[in-house]
Amino acid sequence: MDPVYLFKVAARQADWLSVRQSTVSGNISNVNTPGYKARDVLPFEEVMDKTRLTLAATNARHISVDEAGARTTKVGKGDSWEIVHSGNSVSVEQEMLKASEINRDYSLNTNIVRSFHRMYLMSVKGS
């Protein structure tokens, strides 16, 4: 079994969120550009599937998850909500929802890292 590097995974997600935020802001800035097609990045799950992280059990009493219990289904990507006469496929409402998701994911990522950092410090201090 390989160790799972939580802080490395969190850093990778923060990098992915930065790229996605940049992509969404680029979409919003080109909302009036004729013929501009909205862009998005691969979902983070697909990025993580390419890294081949495995679960690690450092104690015999840890819960193990077999691959059958960890299966996921892929959701088809929908088209833009609207395409205007100029051929632009950017929907401001859709991009704002994506921006809200990014903000929520940044907050979750930060809180998880903060919690594990606190647990790490408590284990080093001994209490």
Which atom pair, heavy atoms only, marks the closest approach of [X] to [Y]?
X	Y	value
Tyr106	Ala14	OH-O, 3.8 Å
Arg20	Asp40	NE-OD1, 3.1 Å
Val90	Val31	CG1-CG2, 4.0 Å
Ala38	Ser89	N-OG, 2.8 Å
Gly26	Ser29	O-OG, 2.9 Å
Ile28	Met96	CD1-SD, 3.9 Å

Evaluation steps, side chain to side chain contact (heavy atoms under 4.5 Å, CB included), between Arg114 and Asn111: CA-CA 5 Å; Arg114 186 180 302 135; Asn111 287 332; 3.0 Å; yes
Short N-O contact, Glu95 and Lys98, less than 4.0 angstrom: yes
Whether Thr23 side chain and Val19 backbone form a donor-acceptor pair below 3.5 Å: yes
Residue pairs fulfilling ring pair (Phe, Tyr, Trp, His ring centres under 6.0 Å) with at least one residue in residues 7-32, sequence neighbours excluded: Trp16-Phe44
CD1 on Ile102 to OG on Ser107, rounded to 0.5 Å: 12.0 Å
Partners meeting side chain to side chain donor-acceptor pair (under 3.5 Å) with Asp105 (sequence neighbours left out): none
